[in-house]
Each structure stands twice: as C-alpha cells, then as structure tokens.
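Notes follow the structure.
Position 1 is the first residue of the sequence; numbering continues from there.
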Amino acid sequence: MKKNLWIFAAAAVALAACSNDDTISENIGFDDASAISFRAFTNNMTRAAAAHFDEPNDNFKVTAFAQGTTSTAYFANVTFTTTDGTTFTSPTKYYWPSGNNLDFYAWAPASLSNAYNSIPVTVADAAADQIDFVYAATKDWGKATLQEGTAATHSISTTVPGVTLNFRHAESKIIIQLKNSNSNVAVTANNVTLKNVYGAGTFVFADANTDGKDNALLTGGWTPSGDADAVYSQDITAATFTSATAVGTDMKLIPQVLTAGDTYTAETPGNPAVDDEFTAPCITVALKIQNSGDNAYILGAASGENEYVTAMFPLPTTTWVPGKQYTYVVDLAGGGYYPANHDTDAALDPILEGAEIKFVSVTVDDWSPYDADGTEEGVQDIDVAM
C-alpha cells in the first residue's frame, strides 16, 4: 500500500494555487506559519490509502526525535487529525527546531496505545472489526539552513515544501478460497475457520525508513504474544463449490511463522480422546459430499444433526510478512482430515479413506500490488501438496 503524506511547514504568506491537479492548495494563517502540520498528497495514492486518510476526522499518531537519536522525543504520541480530509493538525502546535533535524515515526489508527517502540495489538475475533494497522518512518528532515548543526538530507524549503511519509501495512492480510477439483463429486460447505495462530503481538519500528517501496524493509518488528490458539470464523451461506471462490471477509492478522503439523497432541499421552484438538495452524470447513451422478451422500446428510462434517486442512509452513496478502485455496475434493484423531496413534486420519487429499495452495502478493508509477506487479505463487 502506498500512502503519501506531507508534513507541511507553512510559508508566512498564503500558498499560491498549484498547477498540479493531484495536489490540493490551501491558505494557512500567519499564526501557524512555522507549525508542523500534515497533509495528504494524492499522486499515485491507491484506493486503500484514500480509505485511511481522506475523510474528516481521520487521524494518525506521530513521534519525532532529534535526528539520529531515540532517547528524548521532540514530541511523542501526538495525534494529528484532519477536518477536511487534506490537512492534519495537532491540538498543540509544534514548530521546526533551529538546531536539530528530525526523524519521524507515524502510525494509524491513532486509537492504538503506547509509544512507537511498543505498540500492542490484539486482533478482533470478527474480521469486520479487525483494524488495518499502518506505519511510516522517515529520517533527517529539517530547515534548509540551520543556525547550528548539519544540513538535513531532506530540507524544508520553498522548492521542497514538506516531509514525505510513506505508510505501509503492519499486518498480514489472509484470504481463504474454496474449490472442488473433482467433477465426480459435489461438495457443499457451510462454515470456515482459520485456527491455531497467534492473535496478539507487539510491534516495534525497525531501524529503517519506509521511504519508497523496498521489500527488504517490509519485515517490520513483530513479537507475537500469548498462545497460538486464536480462532477466526468465516460464516458463509451454504454453497456448492467448483472453481476457487473467496469466502467470508478478508482477515488482517499478526505477522508470524506458521509451522506445519501432521499429528495431534493428546491431552493425556497414551490416552487420546475424541475431543483432543489439533494444535498446528489449520483451516476447518463444515462440508458434505455427494456423488455427482445420483446425489448419494458420501459424507454428511441431506439434513439433521449430521448434515455437515467438520474437515481439517493443515496449513503449510509459512512466514506471514507485514504488508503481504496470503490467499489460501482449499481443495475440498479429498475431504480433509478429522479435526480430532479417531485412532490410537497420533497420525491424522483422513475423512475419506483411500481418497487423494489435495488441500491447500498459497499465493502471496503485495497487499497493494502497485509500483510507484501505478503499474501492477506480478504475483508469486506457492504450490503446496501433501
């Protein structure tokens, strides 16, 4: 995602109208002539960027340090808000120091608490309630001429009127799609969950700028917390699946390492029980399967308590990276595994004995796959078989 914001050091006179249609000009009063403020810059901004910062009352937090330091903040955790979807100001005005250049760290939504070097996030259970946490960092900005100190790498001047903040997604976006590759059977699904992942973590800014688009800087600084036992449900209307179809709402989750598993762990070793849960990352699907020819039920029933059977599809080992989108395509043709083991050994039991289980392929692309010039990037495909 590309979000370009300008910290605007206003001139002591009203700004002249700009000939670039992508830049919005405005008048700024004399009282705020030297105040640091923020404004949206719309050139090559994606729709996702606009959704964050183009409406009245949109806001973000900023912490500023003297260039090259993080010991004493020039200002810390200050919320900048817009009334017009263009210019962002703080309740207390801050002005450019004459003796120091500044490094800026910004994040949204502003409702996130604590300082830039410790931002805790707990992901909401419902995908519709999950936040899109974005962050930006840029360093060594200052006045064109300092009374003391060194000239800034980026200077506030009449020709370079602002500081560019390039926001990035801090979380990973997860999409689940269902399909059936076997034309001989009809598969109906009614509910989907993604489970056994971390649902909370703490974000710390990496010691790097987010200027431009550099995939090497997308790693961020996440430390998952708690247990990897979060469950995210995707309620769907019962449907028969053929080609890959997205289900539910896109999820924005904590970046983390997913480690594949193919066995379950009994609560009491040597005494497995039906309710023992698989503890590795997986997708579960409530499904029923019929023969295409005569509609006879191979799995499940037409109605009643046993209409749907919960199938489990273990996820492959994957590292969810900040700012990346992961699409899991679950092939329902093989029927999946039982969520709880049905045998005395620890190996997962296939629901359809003797059936070939094809379950997940993963595509990974940038959350907003556009270069700075607005052209679309390619998609990286990762095929997984088991």
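Under the rule for a side chain to side chain contact (heavy atoms under 4.5 Å, CB included), the partners of Ser225 that lie at least two apart in sequence or sit in another chain are Ala200. For Thr319, the side chain to side chain contact (heavy atoms under 4.5 Å, CB included) criterion is met by Val257, Val321, not counting sequence neighbours. Residues forming a salt bridge (charged side-chain N to carboxylate O under 4.0 Å, His left out) with Asp207 (at least two apart in sequence, or on another chain): Lys139. In this view, Val309 and Leu299, Ile351 satisfy the side chain to side chain contact (heavy atoms under 4.5 Å, CB included) rule, not counting sequence neighbours. Tyr308 pairs by the ring-ring contact (aromatic ring centres under 6.0 Å, His included) definition with nothing, not counting sequence neighbours. Remark: Asn117 engages Ala115, Val204 in a side chain to side chain contact (heavy atoms under 4.5 Å, CB included) (not counting sequence neighbours). Applying the ring-ring contact (aromatic ring centres under 6.0 Å, His included) criterion to Tyr232, with sequence neighbours excluded, gives no partner residue.
Note: Thr327 OG1 to Asp250 CG = 8.0 Å, rounded to the nearest 0.5 Å. Atom OG of Ser90 is separated from atom NZ of Lys61 by 13.5 Å, given to the nearest 0.5 angstrom. To the nearest 0.5 Å, atoms CG (Asp262) and CG (Leu348) are separated by 6.0 Å. Note that CD1 of Ile236 is 11.5 Å distant from OG1 of Thr249, once rounded to the nearest 0.5 Å. Between Glu171 atom CD and Leu253 atom CG the span is 7.5 Å, to the nearest 0.5 Å. Atom OG1 of Thr138 sits about 11.0 Å away from atom CG of Leu102, to the nearest 0.5 Å.
Between Cys282 and Pro314, the closest heavy-atom pair is CB-CA, 3.9 Å. Looking at every heavy atom in both residues, Ala246 comes nearest to Ile175 through CB-CG2, 4.4 Å. Between Ala108 and Phe167, the shortest heavy-atom contact is N-CE2, 4.5 Å. The two residues Ala127 and Met251 have their closest heavy-atom pair at CB-CG, 3.9 Å. The two residues Ala73 and Thr63 come nearest to each other via the heavy atoms CB-CG2, 4.2 Å. Ala170 approaches Pro322 most closely through the heavy-atom pair O-CB, 3.3 Å.
Put simply, the side chain of Asn59 never gets that close to the backbone of Thr81: no donor and acceptor are under 3.5 Å apart. Distance alone, capped at 3.5 Å, is enough to place a donor-acceptor pair between the Asn196 side chain and the Phe278 backbone. Using modelled atom types, one side-chain atom of Thr210 and one backbone atom of Ala137 make a donor-acceptor pair closer than 3.5 Å. Gln130 places a side-chain N or O within 3.5 Å of a backbone atom of Ala124 that can act as its donor or acceptor partner. Between the side chain of Ser71 and the main chain of Thr69, no donor-acceptor pair closer than 3.5 Å is present.
Among residues at least two apart or in separate chains, there is no salt bridge (charged side-chain N to carboxylate O under 4.0 Å, His left out) pair with a member in residues 97-114. Sequence neighbours left out, not one pair with a member in residues 183-192 passes salt bridge (charged side-chain N to carboxylate O under 4.0 Å, His left out). For residues 66-80, no residue pair satisfies the salt bridge (charged side-chain N to carboxylate O under 4.0 Å, His left out) rule, not counting sequence neighbours. Listed by first then second residue, pairs satisfying salt bridge (charged side-chain N to carboxylate O under 4.0 Å, His left out) with a partner in residues 63-83 number zero, not counting sequence neighbours.
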| request: Decide side-chain contact (heavy atoms from CB on, under 4.5 Å) for Val62 and Phe80; before the verdict, give the C-alpha distance in whole Å, the side-chain angles of both, and the deciding distance to 0.1 Å. | output: CA-CA 7 Å; Val62 182; Phe80 284 76; 3.9 Å; yes
| task | Please step through side-chain contact (heavy atoms from CB on, under 4.5 Å) for the pair Phe75 and Thr92, ending with a clear verdict. | result | CA-CA 10 Å; Phe75 58 78; Thr92 300; over 6 Å; no
| said: Set out, in order, the CA-CA distance, both residues' side-chain angles and the distance that settles side-chain contact (heavy atoms from CB on, under 4.5 Å) for His169 and Val134, then state yes or no. | reply: CA-CA 4 Å; His169 296 284; Val134 295; 4.0 Å; yes
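Within the 4.5 Å cutoff, no side-chain heavy atoms of Lys252 are placed close to those of Ile131. The shortest distance between side-chain heavy atoms of Lys179 and Phe241 does not fall below 4.5 Å. With contacts defined as side-chain heavy-atom distances shorter than 4.5 Å, the pair Gln234/Leu194 does not qualify.
Only one option out of Leu332, Val192, Ile176 pairs with Phe313 in a side-chain contact (heavy atoms from CB on, under 4.5 Å); it is Leu332. When Phe60, Phe65, Trp107 are each tested for a ring-ring contact (aromatic ring centres under 6.0 Å, His included) with Tyr116, only one passes: Phe65.
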Quick one: side chains of residues 284-297, donor-acceptor pairs under 3.5 Å with protein atoms, not counting sequence neighbours, listed by atom name and distance.
residue: Thr284; atom: OG1; partner: Thr193; partner atom: OG1; Å: 2.3
residue: Lys288; atom: NZ; partner: Glu307; partner atom: OE2; Å: 2.7
residue: Gln290; atom: NE2; partner: Asn295; partner atom: O; Å: 3.0
residue: Ser292; atom: OG; partner: Ser183; partner atom: O; Å: 3.0
residue: Ser292; atom: OG; partner: Asn184; partner atom: O; Å: 3.1
residue: Ser292; atom: OG; partner: Val185; partner atom: N; Å: 3.1
residue: Asp294; atom: OD1; partner: Ala296; partner atom: N; Å: 3.0

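For Asp331 and Ser181, the side-chain atoms include at least one donor-acceptor pair closer than 3.5 Å. Of the N and O atoms on the side chains of Thr188 and Thr240, at least one donor lies less than 3.5 Å from an acceptor on the other residue.
Heavy-atom neighbours of Tyr198 OH from other residues, nucleotides or ligands within 6.0 Å: at or below the threshold of 12.
Relative ring orientation between Phe205 and Tyr135 is described as perpendicular, the plane-to-plane angle rising above 60° on a 0-90° scale split at 30° and 60°. Classified by interplanar angle (parallel below 30°, tilted 30° to 60°, perpendicular above 60°), the ring pair Phe133/Phe203 is perpendicular.
Centroid-to-centroid, the aromatic rings of Tyr264 and Tyr337 stay 6.0 Å apart or farther.
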